[in-house]
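Quick note: numbers below take in every heavy atom, side chains included, and nothing from hydrogens, waters or symmetry partners. Counting starts at 1 for both ligands and their atoms, in listed order.
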Amino acid sequence: MDIDLARAWVRAIAVAVGQNKDHLTQLDSAIGDADHGTNLDRGFSAAADAVADLAADTVGVVFTKTGSTLISSIGGSAGPLYGGAFRAVGKALDVPVADQRTFAAALAAGLKSIRLLGAAAPGDKTMIDAYAPAVVAFEERSRQGDGFAGAASAAADAAEEGMRATTPLQARKGRASYLGARSVGHQDPGATSTALIFRALADTAAR
Ligand code: ADP
Ligand code: MG
């Protein structure tokens with residue numbers, strides 16, 4: 001992962017979130033307050049703009065800037081959660097080019113940040129249900145000798161599987177948890193956006 005790939009990933013997330021804005025908002029209207037798509041669209045387009053002409057000497061700077069932009073431009077829980085995660089990823093990448101192991105550790109640091117801030121566990125029907133399996137898949141495939149693109153593709157597949165697996169779950173964290181058993185049968189919006197983020201990484205790495 002180098003600085004150009006970092007910028008391209010943030011741009012690809014902004015594009016994917018823009019294309020799926022209505023879908024994310026629809027999911028959030030079923031079990032939340034119908035703002036997830038607009039929240040993320042605003043945040044990631046601001047982040048993509050902010051990093052486009054940022055003078056970066058490390059990969060980390062791109063992600064730290066992405067994180068702080070998300071925090072300042074997104075209302076709701078997703079802003080601090082994703083913002084904190086990207087800042088943690090950035091902090092772990094204080095190098096001009098990150099090798100695959102370092103990047104895997106950075107992804108894990110992002111997940112840890114979400115877990116610390118949101119106190120959700122796997123199975124609580126949150127973005128963690130997509131993020132956690134993606135980290136495991138990225139690490140596993142890297143250990144098996146796959147390159148960055150292969151590991152990113154496995155991570156995206158795992159995130160999408162985790163996303164789909166949120167549908168039968170009852171939410172135990174966030175706004176959806178207020179619905180109790182009525183949250184069952186709906187895919188979690190945050191897990192859905194996390195899957196988009198990992199798919200954007202895979203697509204960017206494959207280019
Ligand atoms: P809000 O719920 O404040 O309107 P968003 O709609 O932008 O914020 O984001 C909702 C998503 O945030 C949920 O679908 C869920 O995945 C995620 N989320 C909410 N609370 C938590 C938490 N405590 N830990 C992890 N993720 C959470
Ligand atoms: Mg919401």
Side-chain angles (χ1 to χ4, degrees), residues 10 13-48 63 66-89 106-137 155-156 158-201:
V10 177
I13 297 170
V15 170
V17 164
Q19 284 165 346
N20 289 277
K21 182 176 147 185
D22 293 345
H23 176 52
L24 292 173
T25 289
Q26 260 167 31
L27 294 173
D28 195 34
S29 74
I31 56 169
D33 56 354
D35 64 353
H36 195 59
T38 38
N39 277 347
L40 291 198
D41 185 42
R42 188 173 54 248
F44 279 103
S45 19
F63 297 129
T66 297
S68 44
T69 307
L70 295 178
I71 290 170
S72 61
S73 62
I74 304 186
S77 18
L81 290 167
Y82 278 136
F86 273 97
R87 286 173 59 114
V89 168
L107 287 179
L111 175 62
K112 190 174 165 197
S113 158
I114 294 175
R115 294 197 59 163
L116 279 175
L117 183 63
D124 284 351
K125 197 181 181 98
T126 70
M127 53 177 70
I128 286 174
D129 293 323
Y131 199 145
V135 172
V136 171
E160 284 163 5
E161 198 182 319
M163 165 195 89
R164 286 189 290 272
T166 62
T167 302
L169 298 175
Q170 177 170 332
R172 284 193 290 254
K173 279 284 181 295
R175 218 176 272 280
S177 67
Y178 308 157
L179 293 176
R182 280 182 292 137
S183 64
V184 171
H186 302 279
Q187 188 172 296
D188 180 61
T192 308
S193 54
T194 293
L196 290 175
I197 289 170
F198 279 99
R199 182 56 65 194
L201 177 64

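- Asp28 contributes OD2 as its N, O or S atom closest to the Mg ion (ligand 2).
- Here Ile31 has no heavy atoms under 4.0 Å from ligand 1, in either its backbone or its side chain.
- More than 12 heavy atoms of other shown residues, nucleotides or ligands fall within 6.0 angstrom of atom CZ in Arg199.
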Does Leu111 form a side-chain contact (heavy atoms from CB on, under 4.5 Å) with Ile128? I'd like the steps, not just the answer. CA-CA 7 Å; Leu111 175 62; Ile128 286 174; 4.3 Å; yes
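- Scanning all protein heavy atoms for the shortest distance to atom 10 (C) of ligand 1 gives His36 ND1, 4.0 Å.
- Within ligand 1, counting atoms from 1 as listed, the ones closer than 4.0 Å to a heavy atom of Asp28 are 6 (O).
- If you check which protein heavy atom lies closest to atom 16 (O) of ligand 1, you get Asp188 OD2, 2.6 Å.
- Nearest to atom 26 (N) of ligand 1 by heavy-atom distance, out of Leu117, Thr25, Thr126, is Thr126.
- Residues Leu169 and Asp129 are in side-chain contact: their nearest non-hydrogen atoms beyond the backbone lie under 4.5 Å apart.
- For ligand 1, the atoms lying closer than 4.0 Å to a non-hydrogen atom of Gly190 are 13 (C), 14 (O), 16 (O).
- A donor-acceptor pair shorter than 3.5 Å cannot be found between the side chains of Thr192 and His23.
- Within the listing of ligand 1, atoms 7 (O), 8 (O), 9 (O) sit less than 4.0 angstrom from a heavy atom of Ala78.
- Restricting Asp33 to its N, O or S atoms, the one at the least distance from the Mg ion (ligand 2) is OD1.
- Counting only non-hydrogen atoms, the option in Lys173, Met163, Met127, Gln187 that gets closest to atom 17 (C) of ligand 1 is Met127.
- Closest protein heavy atom to atom 20 (N) of ligand 1: Gly174 CA, 3.4 Å.
- More than 12 non-hydrogen atoms from other residues, nucleotides or ligands lie less than 6.0 angstrom from NZ of Lys173.
- Relative ring orientation between Phe86 and Phe44 is described as perpendicular, the plane-to-plane angle rising above 60° on a 0-90° scale split at 30° and 60°.
- For atom 24 (N) of ligand 1, the nearest protein heavy atom (residue, atom name, distance) is Ala120 CB, 3.5 Å.
- Counted within 6.0 Å of CD on Gln170, heavy atoms from surrounding residues, nucleotides or ligands total more than 12; the atom is thus considered enclosed.
- Closest to atom 1 (P) of ligand 1 among all protein heavy atoms lies Ser77 OG, 3.2 Å.
- Side-chain atoms of Glu161 and Pro133, non-hydrogen and from C-beta on, never get closer than 4.5 Å to each other.
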Apply side-chain contact (heavy atoms from CB on, under 4.5 Å) to the pair Lys125 and Ile31, showing each step before the final yes or no. CA-CA 11 Å; Lys125 197 181 181 98; Ile31 56 169; 3.8 Å; yes
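- Near Pro189, with a cut-off below 4.0 Å to any heavy atom, the atoms of ligand 1 are 14 (O).
- The shortest N or O to N or O distance between Asp35 and ligand 1 is under 3.5 Å.
- Judged purely by distance below 3.5 Å, without hydrogens or angles, the side chains of Thr66 and Tyr82 never pair a donor atom with an acceptor atom.
- Contact annotation: the side chain of Leu196 never approaches that of Ile13 to less than 4.5 Å [non-hydrogen atoms, C-beta and beyond].
- The closest protein non-hydrogen atom to atom 27 (C) of ligand 1 is Leu81 CD1, 3.4 Å.
- The protein non-hydrogen atom at the shortest distance from atom 23 (N) of ligand 1 is Gly118 O, 2.9 Å.
- Residue-ligand proximity, Asn39 to ligand 1, at heavy-atom distances under 4.0 Å covers atoms 7 (O).
- By the 3.5 Å distance cut-off applied to N or O atoms, Ile114 is not counted among the residues near ligand 1.
- Sorting the N, O or S atoms of Asp35 by how far they are from the Mg ion (ligand 2) puts OD1 first.
- The two atoms that bring Ser29 and Ala34 nearest to each other are CB-CB, 3.6 Å, heavy atoms only.
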